[in-house]
Amino acid sequence: MILEGVVTTENQDETINVSPMGPHLDGDGAEIQRFTLRPYQTSRTYQNLKRLGAGVLHVTDDVLLLARSAVNLLDAPPETIEEDGVRGRRLADCCRWYAFEVSELDDSQERTTISCAVYKTGRVRDFYGFNRAKHAVLEAAILATRVNFLAADEILGQFEHLKVIVEKTAGVQETEAFKLLDEYVRENCT
């Protein structure tokens, strides 16, 4: 099973890298103890995990954060908190977090396979949930990260379909997130 979330890692300059990622969970996901990440070797997440061997996975319903981080348009880094015994920082506003260490890293392919073991977890607040618009923004964010891999007409066609869902069911956050992604895709799908 793949769980869409946000991974934070520490950059060399000690700033925080925020990246949406969909880890493959070991087991049914009821209790997350191990998971696998598959970042590209060009990503900061890969570079940071290879260098430090630790990060924090977050479950969040903040689709604006997911959208902004997917296309590297964070105005400012989100607020983070240091937790005792955690290598790295966790997001202040998330639902759950999972501090992890890299147990195995195979970078023999373009997409690295990184096996992770959770060593500390926490719960911040209830998961609000995803309405149809939040799901559409999540799908749009994934498409936006693929502008260099997929055909422009395929991405733009899917965006038109997702736009209808957002227009019918979105709140303020989802509307802003989708608009940001739509503008990004239209600028980069040429």
Side-chain angles (χ1 to χ4, degrees), residues 1-13 15-24 35-49 55-80 91-95 107 109-114 127-190:
M1 175 172 77
I2 296 176
L3 173 70
E4 300 300 336
V6 173
V7 171
T8 55
T9 55
E10 188 175 293
N11 296 318
Q12 282 188 309
D13 64 1
T15 59
I16 296 299
N17 179 60
V18 179
S19 180
M21 300 208 74
H24 295 258
F35 58 87
T36 303
L37 298 173
R38 302 242 326 143
Y40 287 96
Q41 292 180 21
T42 55
S43 73
R44 266 191 235 145
T45 300
Y46 160 78
Q47 294 163 8
N48 292 342
L49 289 175
V56 182
L57 168 66
H58 304 83
V59 174
T60 183
D61 48 18
D62 183 346
V63 293
L64 187 54
L65 173 65
L66 286 164
R68 287 187 182 284
S69 59
V71 294
N72 296 315
L73 291 176
L74 284 171
D75 298 330
E79 182 182 352
T80 58
L91 296 175
D93 181 26
C94 65
C95 301
D107 55 7
Q109 304 290 320
E110 182 181 6
R111 285 188 75 179
T112 300
T113 300
I114 302 175
F127 182 74
Y128 180 78
F130 280 162
N131 63 10
R132 290 181 66 211
K134 285 186 184 285
H135 280 286
V137 169
L138 180 60
E139 290 302 320
I142 293 167
L143 284 167
T145 66
R146 288 163 170 70
V147 293
N148 295 322
F149 308 113
L150 297 177
D153 58 339
E154 179 181 345
I155 292 174
L156 294 171
Q158 289 189 43
F159 257 75
E160 287 304 313
H161 171 73
L162 295 170
K163 183 177 182 178
V164 172
I165 295 169
V166 171
E167 288 174 345
K168 286 181 178 180
T169 64
V172 173
Q173 184 189 68
E174 297 86 6
T175 300
E176 183 180 346
F178 190 81
K179 180 181 178 197
L180 174 128
L181 292 168
D182 191 49
E183 289 171 359
Y184 176 86
V185 163
R186 291 188 188 288
E187 288 174 15
N188 291 281
C189 272
T190 53

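The first residue in the sequence is number 1, and the count goes up from there. Just so you know, these numbers come straight off a predicted model, no measurement behind them. When reading the values below, keep in mind they use all heavy atoms of this one structure, side chains included, and skip hydrogens, waters and symmetry mates.
Nearest heavy atom pair, residue P23 against residue L3, reads CD-O, 2.8 Å. Closest of all the heavy-atom pairs between I155 and V147 is CD1-CA, 3.7 Å. A pairwise comparison of heavy atoms in A177 and A67 identifies CB-CB, 3.9 Å as the closest pair. In plain terms, the two heavy atoms of A133 and A170 that are nearest each other are CB-CA, 3.5 Å. Smallest separation of non-hydrogen atoms from T45 and S19: OG1-CB, 3.2 Å. Between I2 and G22, the shortest heavy-atom distance links the atoms CG2-O, 3.5 Å.
Side-chain contact between R68 and D75 is present, with at least one heavy-atom pair separated by less than 4.5 Å. Using a 4.5 Å heavy-atom threshold, the side chains of E139 and H135 count as separate. At a threshold of 4.5 Å between non-hydrogen side-chain atoms, the residues L37 and T112 do not count as touching. Annotation: side chain of D182 is in contact with side chain of R186 (closest heavy-atom distance under 4.5 Å).
Remark: side-chain polar atoms of E174 are paired, donor with acceptor, to backbone N or O of G171 under 3.5 angstrom. The closest donor-acceptor contact from the side chain of R132 to the backbone of T169 lies at 3.5 Å or more, if one exists at all. Although no hydrogens or angles enter the test, the distance criterion places a donor-acceptor pair under 3.5 Å between the side chain of D61 and the main chain of Y128. Side chain of R111 to backbone of P39: no donor-acceptor contact under 3.5 angstrom is found. Side chain of E4 to main chain of L138: no donor-acceptor pair is present (N/O by atom type, distance under 3.5 Å, no hydrogens or angles). The closest donor-acceptor contact from the side chain of T60 to the backbone of D62 lies under 3.5 Å. Under the 3.5 Å distance criterion, the side-chain polar atoms of H58 are matched with a main-chain donor or acceptor of V6.
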Criterion ring pair (Phe, Tyr, Trp, His ring centres under 6.0 Å) on Y184 and F159, from CA distance to verdict: CA-CA 11 Å; Y184 176 86; F159 257 75; 9.4 Å; no
Side chain to side chain contact (heavy atoms under 4.5 Å, CB included) between L150 and L143, intermediate numbers included: CA-CA 8 Å; L150 297 177; L143 284 167; 4.1 Å; yes
Audit row: N17, T8, side chain to side chain donor-acceptor pair (under 3.5 Å) steps and yes/no: CA-CA 5 Å; N17 179 60; T8 55; over 6 Å; no
CA sep, side-chain torsions, deciding dist, call: V137, L66, side chain to side chain contact (heavy atoms under 4.5 Å, CB included): CA-CA 9 Å; V137 169; L66 286 164; over 6 Å; no
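N48 and T9 share a donor-acceptor pair across their side chains, judged by distance under 3.5 Å alone.
Within a 6.0 Å sphere centred on CD of E160, heavy atoms belonging to other residues, nucleotides or ligands number more than 12. By the neighbour-count criterion of 12 heavy atoms within 6.0 Å, atom CZ of R44 is sparsely surrounded, having that number or fewer from other residues, nucleotides or ligands. Taking a 6.0 Å sphere around OH of Y40, one finds it holds more than 12 heavy atoms contributed by other residues, nucleotides or ligands.
None of K134, Q173, K163 except one satisfies the side-chain contact (heavy atoms from CB on, under 4.5 Å) rule with F178; the exception is K163.
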